[in-house]
Amino acid sequence: MKITFFSTQPYDKEFFNRYNDSFGFNLEFFETSLTTQTVSLANGAQVVCVFVNDKVDAKVIEKLALEKVSIIALRCAGFNNVDLEAAKQFGIKVCRVPAYSPEAVAEHAVAMILTLNRKTHKAYNRVREQNFSLNGLLGFDLHGKTVGVIGTGNIGKAFCHIMLGFGCKVLAFDIIANKDLDAAGVKFLPLIDILQQADVLSLHCPLNNQTRHIISSETIPMLKKGVMLINTSRGGLIDTAAVIDALKKGLIGSLGIDVYEQEEKLFFRDLSASIIEDDTIQRLMSFPNVLVTAHQAFFTNEALTQIALTTLKNINELLKEGNLSVQAALLV
Ligand code: NAD
């Protein structure tokens, strides 16, 4: 049974090959992303395995059905890039890895906060040039600050616990309040209160029609002046042009993003010798108070192990039983 992988990196091959022994699937890896032009690479495969920036729209799904692909296995948690209705229509099952290591992403969000606040990236370069001055490196105590969290699922929950450990006041908004977090000291409030009160605001909700541009020219005026904004979820949660405007005006004090609206043209590639045509990311990277990482929040040994094991297990269960033991992993 052949599985065709799209958008693969060397680490994907390493981890999937390592854990495939007990499954014995035939794994075929391609660096290219899945598009209408590349669908034919799935010829002879019953399963395609895709990642965050493969746009699996209705046209791609129709072509996958013609190739007799019966399963689309996402090796990630988010699924905003797949047209689930179309998959249903063509009888293709779609599965994902709902929680591989929420801590990996939550810890990366915290790394972004600490870097932006204490400017360790600048200090690292400074001391290497024998500049031991502290001017410009002034930060603030996180202890006692108000941290706003939007989305308290697996990742948001792990993030809340870390911030409680730092001694922060943690406020959260989710369409479903989490009783355990409430008991742990997280206060659930309406979105507008979170926006108004947070010193640090971290986004952990999925990208969908309700959350697209949750940070926009309409909501930015509600934010505390100088707020630190962190997005490790999906680029589309932020209206990037509005955020750039707010950074210029000092309304947003600092920004940490691991995801970007137009990331599929940039991230996961070495473009160091290329001319980047995207002026928006170039403008973002020119701010001294903006930190961009290239969708690396998930990138830990533990997470890659879980991603490989769960994806292979999902495929195995779907092929053998037509269903999954973990319901949250089955999308269609
Ligand atoms: P999850 O499904 O466990 O949690 C999402 C939470 O968001 C849920 O509690 C849900 O109720 C809430 N939510 C849904 N709609 C909302 C809304 N309109 N307003 C507020 N809350 C809302 O998902 P998760 O595993 O915690 O992942 C969250 C997101 O993180 C994923 O959707 C994905 O986009 C992103 N992610 C990023 C990386 C990375 O490497 N940067 C890795 C994994 C996941």
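Remember, it's 1-based here, ligands and their atoms both numbered in the order they're listed. A quick note: this is a predicted structure, and the numbers were derived from the prediction, not measured.
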Return yes if a side-chain donor-acceptor contact under 3.5 Å exists between [X] and [Y], otherwise no.
X: Asn231; Y: Tyr260; value: no
X: His204; Y: Ser202; value: yes
X: Arg283; Y: Thr280; value: no
X: Asn323; Y: Glu317; value: no
X: His161; Y: Glu103; value: no
X: Thr311; Y: Asn314; value: no

Quiz item: By number and element, which atoms of ligand 1 are closer than 4.0 Å to a non-hydrogen atom of Ala297?
Solution: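 Going through ligand 1 atom by atom, the ones under 4.0 Å from Ala297 are 39 (C), 40 (O), 41 (N).
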
Practice problem: Mark up the atoms of ligand 1 that fall under 4.0 Å of a heavy atom belonging to Pro98, in ascending order. | Solution: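 So the atoms of ligand 1 that pass are 25 (O).
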
Quiz prompt | Distance flag for atom 25 (O) of ligand 1, protein heavy atom under 4.0 Å | solution =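 Yes, because at least one protein heavy atom sits under 4.0 Å from atom 25 (O) of ligand 1.
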
Quiz item: Hey, is atom 15 (N) of ligand 1 under 4.0 Å from any protein heavy atom?
Solution: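 Protein heavy atoms within 4.0 Å of atom 15 (N) of ligand 1 - there is at least one.
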
Give the residue, atom name and distance (to 0.1 Å) of the protein heavy atom nearest [atom].
atom: atom 31 (C) of ligand 1; answer: Ser233 OG, 4.1 Å
atom: atom 22 (C) of ligand 1; answer: Cys205 CB, 3.7 Å
atom: atom 19 (N) of ligand 1; answer: Phe173 CE2, 3.4 Å
atom: atom 40 (O) of ligand 1; answer: Phe298 N, 3.1 Å
atom: atom 36 (N) of ligand 1; answer: Arg234 NH1, 3.8 Å
atom: atom 8 (C) of ligand 1; answer: Asp174 OD2, 3.5 Å
atom: atom 17 (C) of ligand 1; answer: Thr211 CG2, 3.6 Å
atom: atom 7 (O) of ligand 1; answer: Pro206 CD, 3.2 Å

Parallel, tilted or perpendicular: which one describes the rings of [X] and [Y], with boundaries at 30° and 60°?
X: Phe23; Y: Phe25; result: parallel
X: Phe51; Y: His295; result: tilted
X: Phe5; Y: Phe16; result: perpendicular

Quiz prompt | Charged N-O contact under 4.0 Å between Lys265 and Asp278 | solution =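 Here Lys265 does not pair with Asp278 in a salt bridge, since their nearest N and O are not under 4.0 Å apart.
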
Exercise. Have a look at Asn231, Val105, Thr232 and point out the one with the heavy atom closest to atom 37 (C) of ligand 1.
Key: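 Checking each option, the heavy atom nearest atom 37 (C) of ligand 1 is found in Thr232.
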
What part of [X] sits under 4.0 Å from ligand 1 if we count only heavy atoms: the side chain, the backbone, both or neither?
X: Thr152; result: backbone
X: Tyr100; result: side chain
X: His204; result: backbone

Exercise. Go through Thr240 and Val243 one step at a time and tell me if the side chain to side chain contact (heavy atoms under 4.5 Å, CB included) criterion holds.
Key: CA-CA 5 Å; Thr240 315; Val243 165; 5.6 Å; no

Return a yes/no value for [X]: is any of its N or O atoms, backbone included, closer than 3.5 angstrom to an N or O of ligand 1?
X: Asn154; value: yes
X: Gln210; value: no
X: Asn80; value: no

Quiz prompt | Candidate list Val105, Val147, Thr152, test side chain to side chain contact (heavy atoms under 4.5 Å, CB included), partner Phe159, passing option | solution =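 Result for side chain to side chain contact (heavy atoms under 4.5 Å, CB included) with Phe159: Val147.
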
